Amino acid sequence: MSAETPKAILRYVSAGRRVERPVEGAHVRLGRSPELEVVFSESESGVSRHHATILHEEGNWFVEDAGSRNGTYVNGEKIDKSPLKDGDRIDLGPFLLRFHVPRATVGVHRETVPGEVLRPSPAAVFSPHASGAASASISLKAVEDSVDWRAVQKNLEGAADETPSGTLNRDQAWAVTLFKEVGEALLVAEDLDEMLDTIMVLAFSHVPAERGVICIVDGDGALQPHVIRSDKPGESEVTFSQSIVNEAVATETAVLVKDAVDDDRFNEAMSILQRSVRSAICVPLYHAGKTAGVVYLDTANRYEAFRESHLELLVGLGLFSAIAISQFELRENAINERLKRDKLARYHTPAVVDQILEGDVADAEMLAKKADVSVLFADIKGFTAFSETMPAGEVVELLNLVFAQLVDAVFRQDGTLDKFMGDGMLAYFGAPVAVENHALAAVRAAVEMQSAVDELNAAGALPRQIAIRIGINTGPVIVGDVGSPTRRNHTVIGDTVNVASRLESAVAQPGEIVVGPETYDRLAGAVECLELEPVQLKGKRDAIRAYRVTGFGDR
């Protein structure tokens, strides 16, 4: 792309996926032919092999039809050659694209992000004035009740390029085009702000507005500006009418003020006098009895004041946008829950994951706190030495196979996997979900681990015969999220953990399970153990009792 040609972007949806294609150059051909600069899939029926060309001439963008079979359209009008501006819709026959370019408005400092609505640097200011200024209004509940919104929502979730047949009556024909455009915005947007940007572009493309703001209701129920647009040069502060917004939200009604200056109820408002506002529209983003925000537009152009047809059209945009926002939030929540579930599933059993996500385990239970648990360390004997003679692939294969069996044993006893440490692992029992006798659960998991390794060896499933050592200790720990502000892990720390580690490394022999004194006392005869000589562990002043598990007792 030459230095003189600014960057432009084409956005569209293909096979249900968002696509962004840069326009690189002053002469860019569009179509299905592989020798063109922008090539569409052969599956895009209706697009000619060379359908159209985007041109940059004397500082302006244009699109020119290349003699296509199904024609080229800009904002719904068929063209031979037409100028393009940010947010314009281009139809190559039935295939829709959105054209985006960076823009700058004289006198107003703005962030110029490709494909986004330009935001003036000052925050939006709402100025109160006398209420009751509406020249026309539409009840959003009445409109919503007249449409089968469940069918609309189903179509929005499915494919944005299909019109919901039978959903809209003839008096709501405006909704057909808006349905497709907002549906595309839902599929294309990567975050809420981008979706709101697209909604603003759609509003300005259908209504002769000079300024606009989209506000979203925050967690405290207050309206917060998210997207601001002004096409008036030199405007350093963007001021909007608070009482129109309040009236629209309170009554769940779309409000149109046709001529603010000539309206006695409105002509003393400072925001109107200072900005010479002629017309204003405010439409709540209303769906299923809930207002998610508002779209507010106004203009000072006396020759192109807002009409009731603009109000009706913006009502359609607002209703569909409210559904799109609702679906976007549901989609984001589902993604976040899946990520959270995937993370939790690495450490907890499916049943525990369900309890955490369903709220049976409070968030406080996941924070660092004191708890009584049984800690289990397991380690593959001599793994470091013989892994040095094995290919890297065999090392990984062996560890994956063994650890899969060991983790399953932990999960079957409702334990929590803390971490893998090279050829070893750490697990604990009794948190975040209470276990009736976590000492016994830990020993049962350890016995299952030893049995699983024996079966792998007997079946010849491993490249080498292996043996594991296991140490278990019971007592108080700190359990929960521990780490830095940027990286935290759910883990256990404390002397109980240190003793369990040293029982495994310094006392247990290959194939053995060794437990500490507190664990042994809580087993209460349910497990057969052989008392060992008292052992002096590193970091401990006194020798401690240790026991080797030999089998299960009567209980």
Side-chain angles (χ1 to χ4, degrees), residues 75-76 89 132-153 155-156 163-164 167-186 195-196 198-209 211-217 223 226-227 229 240-241 243-260 279-299 304-328:
N75 298 326
R89 167 179 172 158
S135 300
S137 62
I138 297 176
S139 168
L140 298 178
K141 187 177 187 305
V143 174
E144 187 174 52
D145 288 346
S146 70
V147 177
D148 183 358
W149 292 101
R150 286 179 300 179
V152 173
Q153 178 172 322
N155 280 303
L156 274 172
T163 301
T167 302
L168 308 171
N169 59 44
R170 283 178 295 181
D171 293 333
Q172 296 163 333
W174 43 261
V176 176
T177 299
L178 287 173
F179 172 84
K180 295 182 69 176
E181 292 179 330
V182 178
E184 288 150 7
L186 175 63
M195 178 178 290
L196 298 178
T198 305
I199 292 170
M200 183 67 86
V201 169
L202 290 173
F204 269 64
S205 67
H206 289 288
V207 178
R211 306 178 319 146
V213 61
I214 298 179
C215 299
I216 297 297
V217 177
L223 287 167
H226 272 245
V227 179
R229 175 167 174 169
F240 302 98
S241 168
S243 64
I244 290 182
V245 172
N246 288 344
E247 179 181 345
V249 172
T251 62
E252 297 176 347
T253 300
V255 174
L256 164 65
V257 177
K258 292 182 179 179
D259 195 331
S279 305
I281 292 177
C282 183
V283 176
L285 299 174
Y286 174 90
H287 173 56
K290 177 183 176 182
T291 296
V294 298
V295 178
Y296 175 96
L297 305 176
D298 66 26
T299 182
E304 200 169 11
F306 297 159
R307 304 185 300 275
E308 290 188 16
S309 61
H310 295 135
L311 177 66
E312 293 171 358
L313 194 141
L314 207 60
V315 165
L317 176 61
L319 289 171
F320 279 117
S321 298
I323 292 181
I325 291 171
S326 174
Q327 290 303 306
F328 183 84

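Treat the numbers as computed from the prediction; the structure is a model and nothing was measured.
- R229 has its side chain out of reach of I214: every pair of non-hydrogen atoms, C-beta onward, lies at least 4.5 Å apart.
- Atom OG of S309 is separated from atom CG of L314 by 11.0 Å, given to the nearest 0.5 angstrom.
- Residue K290 holds its NZ atom at 11.5 Å from CG of L285, rounded to the nearest 0.5 Å.
- Among all heavy-atom pairs drawn from S279 and F306, the shortest one is OG-N, 3.2 Å.
- Residues E308 and L256 have side chains in contact (heavy-atom distance under 4.5 Å, counting atoms from C-beta outward).
- L223 is listed as a side-chain neighbour of V245, based on a closest heavy-atom distance under 4.5 Å.
- V294 approaches C282 most closely through the heavy-atom pair CB-SG, 4.1 Å.
- The two residues I199 and L317 make their nearest non-hydrogen contact at O-CD2, 3.9 Å.
- A side chain to side chain contact (heavy atoms under 4.5 Å, CB included) with V207 is found for exactly one of V295, L297, T299, L202, namely L297.
- The two residues R211 and F204 have their closest heavy-atom pair at C-CZ, 3.7 Å.
- Residues P284 and A248 share a closest heavy-atom pair of CG-O, 3.4 Å.
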